S.K.: 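Following this message is one structure expressed as structure tokens.
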Amino acid sequence: MTNVLSVAAVVNIFVGAVVAILPALSGAAGRAILMALVYGALAAINVRGIRSGTRAVGTITIAKLIPLLLFIAAGIFYIKPEAIAIASIPGSKALGDSVLLLLFAFFGIETALVPSGEVKNPSRTVPRAIYLALCLTTLIYILIQLIAQGTLGAALAANTISPLAQSAGTFLGDFGRLLLLTAATISCLGYVTSDVLSSPRILFAFGRDGVLPRWFAHVHPRFRSPDLAIIIYSAVAFVFSLTSTFEALAVMANVAALLVYLIACMAAWQLMRRDVREAGEPFMFPGARVLPILAVVLIFWILAHATPREFLVTAAVLIAASLIYFVQKLFRANQAKR
């Protein structure tokens with residue numbers, strides 16, 4: 001659920017950036033066509049096999065970093081101190097609402113665990129890699145925010161479509177604006193490409209293991225890719241993109257992810273309390289045993305700022321998934337008796 005909501009949210013940003021470059025596509029029909037083209041093209045690429053999808057992800061990842069690094073390198077000299085001055089401390093509600101949306105930028109770091117079985121000494125290497133990645137990502141986000149805030153001031157809040165492009169335009173001119181708009185489209189496309197490459201294979205695994213109907217595990221006769229899972233996943237994400245906004249989708253995705261993180265933090269506390277360990281010495285540091293408890297408290301505080309709608313959507317998806325699972329289980333049991 002988190003993945004499909006996240007990719008649907010990012011496609012909204014992608015379309016917004018494209019529309020900023022090509023205003024003729026700003027209507028509802030134009031946006032729908034753009035979304036359909038994105039999902040259709042990526043589904044077609046990934047149906048052709050994982051090699052095609054991986055090449056697309058690698059190329060886009062490199063291409064999206066260059067404009068952002070240029071934005072930071074040039075923009076750091078144009079920050080106006082008065083533009084980043086803190087006029088007042090935000091209240092608890094405003095801060096909580098902002099954090100609930102801001103977390104969208106950091107979720108997904110747990111995917112570093114996927115290949116951990118192939119990493120040397122993963123119990124120490126993977127946590128260190130995650131902390132390093134979070135620190136570097138946070139530093140880049142802070143620098144980007146300082147430059148955007150420092151060049152636009154109060155005008156930053158008014159631009160919800162392409163704020164970095166507007167900021168770059170103040171010190172790099174039209175070239176900078178176009179460069180950052182291009183970077184935004186490439187960055188969003190990179191995320192969507194990566195997600196459409198990996199997430200449908202979760203549906204495939206569920207179909208293969210009998211959690212979902214078996215036809216989710218259908219494999220293309222020529223390309224040997226999970227074609228039905230890719231097509232269904234892309235179609236569901238397209239519907240979400242078409243019927244909702246980035247902010248609404250991001251918050252719903254964050255609520256779903258936070259519930260998973262909540263369970264993970266509770267599990268981490270229990271594992272450390274019982275000193276459960278796998279191969280190798282676990283990664284520990286002063287205060288490590290306290291952090292899961294603090295994280296649980298913080299997650300409850302953040303979730304308190306979500307609306308009933310976000311919880312209802314999450315609950316509806318969980319109920320639907322549970323019903324599908326139990327129906328499948330009952331069907332398999334009846335088949336076994338025959």
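All figures in this text were calculated on a predicted structure; none of them were measured in a lab. Counting begins at 1 with the first residue of the sequence.
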S.K.: More than 12 non-hydrogen atoms from neighbouring residues, nucleotides or ligands closer than 6.0 Å to CZ on R273, yes or no?
M.R.: yes

S.K.: Can V296 be reached from W269 by stepping across I, L, V, M, F, W or Y side chains whose heavy atoms are under 4.5 Å apart?
M.R.: no

S.K.: Set out, in order, the CA-CA distance, both residues' side-chain angles and the distance that settles side-chain contact (heavy atoms from CB on, under 4.5 Å) for V219 and F204, then state yes or no.
M.R.: CA-CA 9 Å; V219 174; F204 166 80; 3.8 Å; yes

S.K.: Mind checking whether V7 and S199 have side chains closer than 4.5 Å, heavy atoms only?
M.R.: no

S.K.: Do the side chains of L134 and I130 get nearer than 4.5 Å, heavy atoms only?
M.R.: yes

S.K.: Given side chains that start at C-beta, do those of L303 and F311 come closer than 4.5 Å, heavy atoms only?
M.R.: yes

S.K.: Is there a side-chain contact between I230 and R201 (heavy atoms, below 4.5 Å)?
M.R.: yes

S.K.: Where is the tightest heavy-atom contact between L156 and P163, given as atom of each residue plus distance?
M.R.: CD1-CB, 3.5 Å

S.K.: What are the two closest heavy atoms between L146 and I84, and how far apart are they?
M.R.: O-CG2, 3.9 Å

S.K.: Do L100 and L258 touch side chain to side chain, with heavy atoms closer than 4.5 Å?
M.R.: yes

S.K.: Working note: F240 + V4, criterion side-chain contact (heavy atoms from CB on, under 4.5 Å); need CA distance, chi angles, decisive distance, verdict.
M.R.: CA-CA 8 Å; F240 275 117; V4 74; 4.3 Å; yes

S.K.: Report yes if some heavy atom in the side chain of L180 is under 4.5 Å from a heavy atom in the side chain of L68; otherwise report no.
M.R.: yes

S.K.: Within a strict 4.5 Å, meaning less than it, do heavy atoms of the R31 and N12 side chains meet?
M.R.: yes

S.K.: Give, for atom CZ of R177 and atom CG of L172, the distance between the pair rounded to the nearest 0.5 Å.
M.R.: 13.0 Å

S.K.: Does L178 form a side-chain contact (heavy atoms from CB on, under 4.5 Å) with D174? I'd like the steps, not just the answer.
M.R.: CA-CA 6 Å; L178 182 60; D174 289 338; over 6 Å; no

S.K.: Taking atom CD of Q149 and atom CD1 of I144, what is their separation to the nearest 0.5 Å?
M.R.: 14.0 Å

S.K.: Check whether more than 12 heavy atoms from other residues, nucleotides or ligands sit under 6.0 Å from atom CZ of F216, and answer yes or no.
M.R.: yes

S.K.: Give a yes or no on whether Y141 and I147 share a hydrophobic cluster (residues Ile, Leu, Val, Met, Phe, Trp, Tyr; joining criterion: side-chain heavy atoms under 4.5 Å apart).
M.R.: no

S.K.: Count I, L, V, M, F, W, Y as connected when their side-chain heavy atoms are under 4.5 Å apart, and connections chain through other members. Are L37 and L242 then in the same cluster?
M.R.: no

S.K.: On a heavy-atom basis, which atom in A20 and which in L181 lie closest, and how many Å separate them?
M.R.: CB-CD2, 3.7 Å

S.K.: Do side-chain atoms of T151 reach the backbone of A148 as a donor and acceptor pair under 3.5 angstrom?
M.R.: yes

S.K.: Give the minimum heavy-atom separation between A250 and A9, together with the two atoms involved.
M.R.: N-CB, 4.0 Å

S.K.: Quick one: pull up CD1 in I302 and CG in D97 and give me the separation to the nearest 0.5 Å.
M.R.: 11.5 Å

S.K.: Within a reach of under 6.0 Å around CZ of F238, are more than 12 heavy atoms found that belong to other residues, nucleotides or ligands?
M.R.: yes

S.K.: About how many Å separate CZ of F71 and OG of S167, when rounded to the nearest 0.5 Å?
M.R.: 3.5 Å

S.K.: Could you grab the distance from atom CE of M266 to atom CG of L271, nearest 0.5 Å is fine?
M.R.: 13.5 Å

S.K.: Using a 4.5 Å cut-off on heavy atoms from C-beta on, say whether the side chain of V99 contacts that of L95.
M.R.: yes

S.K.: Can you see which heavy atom on F14 is nearest to which on T185, and at what distance?
M.R.: CD1-O, 3.3 Å

S.K.: Atom CE in M252, atom CZ in R309: separation rounded to 0.5 Å?
M.R.: 4.5 Å

S.K.: Which pair of heavy atoms, one from I76 and one from A73, lies closest together, and at what distance?
M.R.: CG2-O, 3.6 Å

S.K.: Let me check something: do L179 and L22 share a hydrophobic cluster, defined by ILVMFWY side-chain heavy atoms less than 4.5 Å apart, either directly or through other members?
M.R.: no

S.K.: Do any N or O atoms from the side chain of R214 and from the backbone of R208 form a donor-acceptor pair under 3.5 angstrom?
M.R.: yes

S.K.: In terms of hydrophobic clustering (I, L, V, M, F, W, Y; side-chain heavy atoms under 4.5 Å; direct or indirect links), are F206 and I232 co-clustered?
M.R.: yes

S.K.: Checking S234 side chain against I231 main chain: does a donor-acceptor pair fall under 3.5 Å?
M.R.: no

S.K.: Between Y39 and Y233, does the ring centre distance come in under 6.0 Å?
M.R.: no

